Number of protein chains: 2
Amino acid sequence: MSKNGIKEVAKRANVSIATVSRVLNGSAVVSEETKQRVAAVIDELNYMPHAIGRALVTHKTNLLGVILPDVHSEFFSELIRGIDQAARERSYHIIVSSTHSNKKEIESMLNVMQGGHVDGLIIMSPHISAEGVLKRLSLLSNLVFVNSYTNGAKFVSVSIDNFNGAYQMVEHLIGHGYDRIAIIKGEESNFDARERFNGYLQALKKNRIHRIPELEIGGNFTEESGYEGMMKILKLKTKPSALFCANDSMALGALRAMHEKDIIVPGEIALAGFDDVPSARYVLPALTSVHVPIYEMGTIAVKHLLDGVKAMDGMKGIKKVLTTSIVIRESCGCSLKSDEEVSEMA
Amino acid sequence: MSKNGIKEVAKRANVSIATVSRVLNGSAVVSEETKQRVAAVIDELNYMPHAIGRALVTHKTNLLGVILPDVHSEFFSELIRGIDQAARERSYHIIVSSTHSNKKEIESMLNVMQGGHVDGLIIMSPHISAEGVLKRLSLLSNLVFVNSYTNGAKFVSVSIDNFNGAYQMVEHLIGHGYDRIAIIKGEESNFDARERFNGYLQALKKNRIHRIPELEIGGNFTEESGYEGMMKILKLKTKPSALFCANDSMALGALRAMHEKDIIVPGEIALAGFDDVPSARYVLPALTSVHVPIYEMGTIAVKHLLDGVKAMDGMKGIKKVLTTSIVIRESCGCSLKSDEEVSEMA
DNA sequence: AACGGCAATGTAAACGTTTACATCACCGTT
DNA sequence: AACGGTGATGTAAACGTTTACATTGCCGTT
């Protein structure tokens with residue numbers, strides 16, 4: 001129960017605290033003999049340097065702040081995995097906080113994180129633009145945005161190619177011959193959602209298919225909203241031949257609605273989602289979706305934050321966009337295709 | 001870009017730093033006039049107290065450490081949600097770290113966390129007993145175990161009732177009339193897995209059903225191991241009439257295997273899992289599973305850690321066990337009586 | 001013999017706060 | 001008029017480290 005600190009170690013080893021600090025950090029030459037003696041005492045006392053005291057003088061905490069909205073948990077946890085992995089490789093740890101996309105919460109978080117507790121910050125803020133977040137932020141550096149709308153060019157951001165993911169998927173559907181392709185969108189305020197919708201529109205345009213307003217349904221990325229969106233669609237006089245959902249949760253909801261109404265997927269209506277969540281593999285029919293490299297996004301964000309600090313101290317800004325890839329399963333109708341071809345030939 | 005700190009504030013407001021500190025914390029009487037003046041300067045400078053400096057003297061960081069294995073991410077993220085929510089209500093933030101169940105990693109984490117960075121620790125360590133973890137741990141207090149094997153009675157722990165969850169589920173299967181009930185287990189070293197297996201055994205015993213060794217398959221809580229386990233089962237001469245998997249991931253894997261081999265679930269083999277992950281709702285047939293209150297487990301752990309500190313300074317120890325409930329869906333065969341037959345798409 | 005250089009270690013300031021204690025002015029008692 | 005109490009504020013030590021600078025002793029040169 002005795003006092004335990006660098007002073008105690010110093011006393012017992014008959015050296016000054018400076019020397020103890022030196023052997024602790026290997027920061028200067030210490031004679032082999034003293035080194036041994038100090039190490040022995042450290043071991044004996046089970047002494048651990050006090051991180052706070054150290055941080056006060058070094059201005060380094062080896063902690064990284066991560067601010068996330070709490071939505072879709074599969075995405076969230078995968079991102080954390082990536083961040084944590086990359087962080088620990090550099091012997092950093094992470095402080096996570098979810099903001100529920102509440103602007104005030106974000107500011108409060110930023111404050112906490114400012115107080116010197118973290119050496120850097122990774123922010124994912126799909127609803128609020130980088131500039132909005134940065135209003136009160138003085139530490140323009142040591143900040144990386146993930147999947148957020150960074151309008152000014154002066155930020156570092158890592159995001160996925162929502163636009164092309166959606167574009168390619170819709171083109172794939174068009175390739176199947178579907179001409180009435182519905183979409184269940186995300187919220188207007190959500191950055192990802194907007195981009196994905198744009199990809200959808202562009203694919204239609206490139207293929208000279210006109211937009212049909214009644215096939216553009218609102219949603220909010222929840223399973224529930226997918227279910228409800230589908231129900232709306234099923235009330236239309238002419239139904240679409242395919243449906244693209246702006247994320248997998250909504251696609252799952254839509255699928256549930258179709259099962260209930262005995263719509264055969266993809267026979268009557270083909271379906272595709274976005275995110276490639278684990279569940280996509282297990283539903284029936286397995287869901288065709290756009291794969292996004294979430295884990296990599298996390299590791300890259302950390303890399304930018306910790307490794308690239310020196311490289312970009314100017315106000316250039318870096319914008320890294322990760323490519324997506326479509327993964328074909330059953331729900332888009334690909335397994336039917338060969339049948340059709342066969343029958344056509346016959 | 002001028003210096004910015006409590007000193008600067010003090011200077012501009014023509015008071016001592018002590019007074020600034022006092023208005024910051026409301027810790028002592030300050031005249032209304034001074035209070036206003038200081039507040040104005042703080043606002044003008046956009047001053048934020050430096051958390052590290054403060055922590056050094058108060059010995060409080062308002063940070064909570066959370067150590068988790070990285071396995072099954074749905075569980076993981078839900079637990080974090082609960083912890084984070086409860087923490088922020090008490091204006092705490094959390095430091096998360098996953099250990100990959102590596103004993104050395106755990107120790108390293110404990111060290112980091114010891115250094116004064118956190119005010120308390122929540123540990124989930126299904127593979128290593130509390131005493132093992134605590135070897136080098138001096139701060140017996142401010143420590144809560146989640147879903148871990150705390151053999152000594154001197155710890156605070158929160159866990160779920162694995163035994164009874166499994167017991168009830170297997171009894172439910174028996175109630176259906178199934179007599180050959182297979183199990184895909186988790187790893188022997190995993191606490192949850194052991195308890196769930198014990199529940200299975202006990203249910204059989206109570207109902208005078210003999211264990212059949214070839215129906216007790218090893219697994220490791222991954223989807224893959226469920227798939228492989230099922231493949232083993234399907235090679236048996238006499239197949240089981242039902243399968244209980246020690247977690248949902250494995251059940252999902254088993255389901256995939258059965259789909260591939262055109263086994264009808266639950267017609268030919270009924271299926272039940274454990275954890276009630278979100279995906280359980282969306283697979284076909286929807287998976288019957290044991291619901292565990294993960295989120296609540298997180299909030300309760302925090303509650304114990306932060307609210308109950310005074311209550312238990314002795315070495316009594318607290319052991320809170322949260323009850324589980326079985327949620328019946330289609331995979332166990334409950335809907336077979338009147339529901340429409342599973343349409344075949346072969 | 002005096003000195004410069006070097007290796008090993010000690011001294012003390014600094015980091016940004018909080019807080020026990022001291023100080024001070026003022027006011028009401030006696 | 002002297003005093004004690006009180007409310008407002010200042011002073012300085014403390015928290016546990018790191019590190020620039022100072023000190024010491026020794027050795028090899030000249």
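On a predicted model such as this, the values are computed, not experimentally measured, just so you know. We name chains A, B, ... by the order of the sequence lines, and we start the count at 1 in each one.
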| query | Nearest-Å distance, NE2 (H50(A)) to C1' (dT17(C))? | reply | 14 Å
| query | Relative to the 5' end of DNA chain C, which residue comes earlier, L56(A) or V30(A), by the nucleotide with the nearest heavy atom? | reply | V30(A)
| With sugar-phosphate meaning primed atoms plus P, OP1 and OP2, does I52(A) contact a base, only sugar-phosphate, or nothing at under 4.0 Å between heavy atoms? | nothing
| field | Spatial distance of atom OG (S157(B)) from atom NZ (K320(B)) [nearest 0.5 Å] | value | 11.0 Å
| Heavy-atom donor-acceptor pair, D119(B) side chain to L64(B) backbone, under 3.5 Å | no
| field | Whole-Å gap separating P (dT19(D)) and CD1 (I17(A)) | value | 13 Å
| said: For N25(A) and A28(B), find the nucleotide of DNA chain D closest to each by heavy atoms; which residue's nucleotide sits nearer the 5' end? | reply: A28(B)
| request: Examine dG16(C): is either OP1 or OP2 under 4.0 Å from a nitrogen or oxygen in the side chain of Y47(B)? Give yes or no. | output: no
| Integer-rounded Å distance: dA14(C) C1' and I6(B) CD1 | 16 Å
| said: Rounded at 0.5 Å granularity, tell me how far CD1 in I122(A) sits from CG in N142(A). | reply: 11.0 Å
| said: Tell me whether the side-chain N/O atoms of S21(B) come closer than 4.0 Å to OP1 or OP2 in dT18(C). | reply: yes
| 5′-ward residue of the pair R22(B)/V57(B) relative to DNA chain C | V57(B)
| So does T34(B) get a side-chain nitrogen or oxygen closer than 4.0 Å to the phosphate oxygens (OP1/OP2) of dT9(D)? | yes
| task | Consider the side chain of S16(B), meaning its heavy atoms from C-beta on, and name the nucleotide among dT11(D), dT17(D), dT17(C) that approaches it most closely. | result | dT11(D)
| task | Mind checking the CG-CG spacing from N147(A) to N162(A)? Nearest 0.5 Å is all I need. | result | 6.0 Å
| Whole Å only: how far is the NZ atom of K11(B) from the C1' atom of dG10(D)? | 17 Å
| request: Would you kindly give the NZ-to-P distance between K60(A) and dG16(D), to the nearest whole Å? | output: 22 Å
| said: Please classify the nucleic acid contact of T19(B) as base, sugar-phosphate, or nothing, using heavy-atom distances under 4.0 Å. | reply: sugar-phosphate
| said: As an exercise, state the distance from CZ of R81(A) to OG1 of T299(A), rounded to the nearest 0.5 Å. | reply: 10.5 Å
| message | Rounding to an integer number of Å, can you tell me how far H59(B) NE2 sits from dT17(C) P? | response | 17 Å
| task | Please state how far atom CG in N62(B) lies from atom C1' in dT18(C), giving the value in whole angstrom units. | result | 15 Å
| said: Rounded to whole Å, how long is the line connecting atom NZ of K7(B) with atom C1' of dA13(C)? | reply: 11 Å
| message | Does dT18(C) have its OP1 or OP2 closer than 4.0 Å to a side-chain nitrogen or oxygen of R54(B)? | response | yes
| said: I want to confirm an ordering. Mapping E32(B) and A51(A) to their closest nucleotides on DNA chain D, which one lands closer to the 5' end? | reply: E32(B)
| query | Which value, rounded to the nearest 0.5 Å, describes the distance between I52(A) atom CD1 and R54(B) atom CZ? | reply | 12.5 Å
| query | Hey, does the side chain of T58(B) come within less than 4.0 Å of dC15(D)'s phosphate (OP1/OP2), counting only N and O? | reply | no
| request: Choose from dA8(D), dG10(D), dT18(D) the nucleotide whose nearest atom is closest to any side-chain atom of V15(B). | output: dG10(D)
